[in-house]
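Written below as structure tokens is the structure these notes are about.
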Protein chains: 2
Amino acid sequence: MGISDRKEREKEELRDSILAAAKELFLEKGIDKTSIRNIADKIEYSPGIIYHHFRDKNEIFHALHQDGFMTLQNKMEVLNSVRNPLERLKAMGSIYIRFAMENPDMYDLMFIKEAPMDHLFDSEHDDWKEGGGSFNGLRMTIKECISQGYFEGHDSESLSYLVWSAVHGLVSLNIRKRCEVIELEKRNTIVQEGLEAFFKILDKL
Amino acid sequence: MGISDRKEREKEELRDSILAAAKELFLEKGIDKTSIRNIADKIEYSPGIIYHHFRDKNEIFHALHQDGFMTLQNKMEVLNSVRNPLERLKAMGSIYIRFAMENPDMYDLMFIKEAPMDHLFDSEHDDWKEGGGSFNGLRMTIKECISQGYFEGHDSESLSYLVWSAVHGLVSLNIRKRCEVIELEKRNTIVQEGLEAFFKILDKL
DNA sequence: AATATAAATGAACACTGTTCAATAAATCAA
DNA sequence: TTGATTTATTGAACAGTGTTCATTTATATT
């Protein structure tokens, strides 16, 4: 009947407004300083209501990290037009790094923070669908590279993980403030230069 | 005079005991669940005393992260006996990754957690000596590689950062539970296999 | 209008990091 | 040895945290 339809719609709207408030607070203050009470204040409800929509704080940030994967996947869609797999791999790296540098807090949540993974292991179905989907795009591209004669002698799974590790390393060391070690005049461009060095290496393989 | 000597010694002993207690708690419960009161309980002092030896919680964990760099630097000392710079670079990578996998919590504190860097930027002298020293070892080895004809066309700073990024990526994705995406039968060995793929690439350069 | 169901509340619990006036202990001077 | 001074240590207080759940309020059904 119509009433329970509306009720479910209203429930979902409230859930969405919790997430919207959480996202806003998260982006301006970080995960630790975003409290349940802050979120409740923002949507003008009492703190308790949040626990009728989410098991705990981690579940909220797991939901937000899903948001991040949606936008990342959208940005990856242009790759369909890149025929050559090596070129596609490089474009993938560029998009990945641009996403990370333009959305450092969201990247941090998706690939560094413990909260979304902690939620996964607390819940029953503990496979990381979001990351798995993204990684599969990389894996397929690498496999295509290998089948076209690139990267001879390499195993696709290990190489995919290494490629991911390289680009993740470039951005995550930057996001977590470990670029202090880089010469001052190069510090602002080191991620991009690291990526270019990586491309140079890919070309030689 | 002798009394103030003893006093200073006692003060340092108390500081050390705070750090020892913090380290123990940190290794078994993590940074968030290690509270000032827990540490105080462990050394049988009141919580307030900790703030006479450390500005805040971040300073304690900055001191612990220094500990970690000491042990890492010790492990790196065997590299002095490796003459060929490319071989030395590979050995460096192996030691780095072994350290990370054998001491994941300490590695996390040194290269992923925000606490030690936050302390740095709160204090006046904001250069990361510990990381800088370690990175310089890598930089020197890469420079030697280049001067011996390896890695032609590469800039030493960018390449050093890329190499660091690659090995950091390998271990940090694992430590922060992002290896879920790897095929189950390869999941336990993926870091090592990623490193071997990396070595294979270095050889082709 | 009375009853049953669902939604929302806010007080309570056991914590957290941090500060600081008050206390206790140790040292110095007479 | 006693009194004054300095140093070390305390623990209560503040303003917060995530989470739970009996109670209340609002909505829907009979």
Side-chain angles (χ1 to χ4, degrees), chain A residues 1-19 21-22 25-26 28-64 109 113-116 118-119 121-123, chain B residues 1-19 21-22 25-26 28-64 109 113-116 118-119 121-123:
Chain A
M1 66 167 57
I3 286 175
S4 62
D5 281 9
R6 173 176 55 78
K7 285 219 164 183
E8 203 166 321
R9 208 172 54 236
E10 282 173 352
K11 191 155 182 161
E12 211 170 301
E13 273 167 19
L14 186 45
R15 198 193 122 100
D16 288 348
S17 82
I18 291 169
L19 285 179
L25 288 168
F26 164 67
E28 76 180 36
K29 314 199 307 173
I31 199 166
D32 286 330
K33 288 185 177 170
T34 297
S35 71
I36 300 296
R37 284 172 184 81
N38 288 163
I39 298 170
D41 280 358
K42 192 146 209 151
I43 60 172
E44 294 173 297
Y45 274 81
S46 74
I49 197 69
I50 290 171
Y51 290 89
H52 290 97
H53 296 83
F54 298 93
R55 190 222 287 272
D56 55 22
K57 199 181 170 183
N58 282 343
E59 185 169 356
I60 298 174
F61 286 96
H62 178 267
L64 285 189
L109 180 62
K113 287 237 144 70
E114 297 177 326
D118 284 351
H119 169 71
F121 300 123
D122 285 349
S123 69
Chain B
M1 65 166 58
I3 285 175
S4 63
D5 281 8
R6 173 176 57 77
K7 285 219 164 186
E8 202 167 321
R9 208 171 55 234
E10 282 173 353
K11 190 154 184 162
E12 211 171 301
E13 274 167 19
L14 186 45
R15 197 192 124 100
D16 288 348
S17 82
I18 291 169
L19 285 178
L25 289 168
F26 164 67
E28 77 179 34
K29 315 200 304 173
I31 198 166
D32 286 331
K33 289 184 176 170
T34 297
S35 72
I36 299 295
R37 283 172 184 80
N38 288 164
I39 299 170
D41 280 356
K42 193 146 208 149
I43 60 172
E44 294 173 297
Y45 274 81
S46 76
I49 197 71
I50 290 171
Y51 291 88
H52 290 95
H53 295 82
F54 298 94
R55 188 222 288 271
D56 55 22
K57 199 180 170 183
N58 282 343
E59 185 168 357
I60 298 174
F61 286 97
H62 178 268
L64 285 188
L109 180 62
K113 286 237 145 70
E114 298 177 326
D118 284 351
H119 169 70
F121 299 124
D122 284 350
S123 70

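Labels below follow one simple rule: chain letters A, B, ... track the order of the sequence lines, proteins then strands, and each chain is numbered from 1.
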Query raised in the report: Between atom CZ in A:Arg55 and atom P in D:dG18, what is the gap in whole Å?
Result: 17 Å

**Report entry** Spacing between A:His52 atom NE2 and C:dT9 atom C1', to the nearest angstrom
**Finding:** 9 Å

Report task. Enumerate the residues from residues 29-43 of chain A whose closest heavy atom to DNA chain C is under 4.0 Å, giving them by residue number; use none for an empty result. Result -> A:Arg37

Requested in this report: On DNA chain D, check which nucleotide each of B:Lys11 and A:Gly48 is closest to and give me the residue with the more 5' one.
Outcome: B:Lys11

Query raised in the report: A:Tyr45 OH to D:dT19 P: how many Å, rounded?
Result: 21 Å

Report summary line: One would report the end-axis bend of the helix from C:dA1-D:dT30 to C:dA30-D:dT1, five pairs per end and rounded to 10 degrees, as 20°

Query raised in the report: What nucleotide among D:dT9, C:dA8, C:dT19 has an atom nearest to a side-chain atom of B:Tyr51?
Result: C:dT19

Query - Close side-chain approach of B:Ile60 to B:Thr34, heavy-atom, < 4.5 Å - result: no

Query - Side-chain heavy-atom pair B:Phe54, B:His62 within 4.5 angstrom cut-off - result: no

Query raised in the report: Just wondering, do B:Arg55 and B:Ser123 contact through their side chains at under 4.5 Å, heavy atoms?
Result: yes

Query - Separation of C:dA8 P from A:Phe54 CZ (nearest whole Å) - result: 14 Å

Query raised in the report: Are B:His53 and B:Lys11 side-chain neighbours, meaning at least one heavy-atom pair lies under 4.5 Å?
Result: yes

**Report entry** Distance, rounded to the nearest Å, where B:Glu59 contributes CD and C:dG17 contributes C1'
**Finding:** 15 Å

Report task. May I have the distance from A:Asp56 (atom CG) to D:dT20 (atom P), rounded to whole angstrom? Result -> 8 Å

**Report entry** Nearest-Å distance for atom pair NE2/C1', residues A:His53 and D:dT19
**Finding:** 17 Å

Report task. Taking the side chain as every heavy atom from C-beta outward, state whether A:Leu109 and A:Pro116 have any pair of such atoms under 4.5 Å apart. Result -> yes

Query raised in the report: Just wondering, do A:Tyr45 and A:Ile39 contact through their side chains at under 4.5 Å, heavy atoms?
Result: no

Query raised in the report: Got a sec, which residues hit side-chain contact (heavy atoms from CB on, under 4.5 Å) with A:Lys57, two or more places apart in sequence or on another chain?
Result: A:Ile36, A:Phe61

Query - Interatomic distance where NE2 belongs to A:His119 and P belongs to D:dT19 [whole Å] - result: 12 Å

Query raised in the report: With no hydrogens and no angle check, do the side chains of B:Asn38 and B:Lys33 hold a donor and an acceptor under 3.5 Å apart?
Result: no

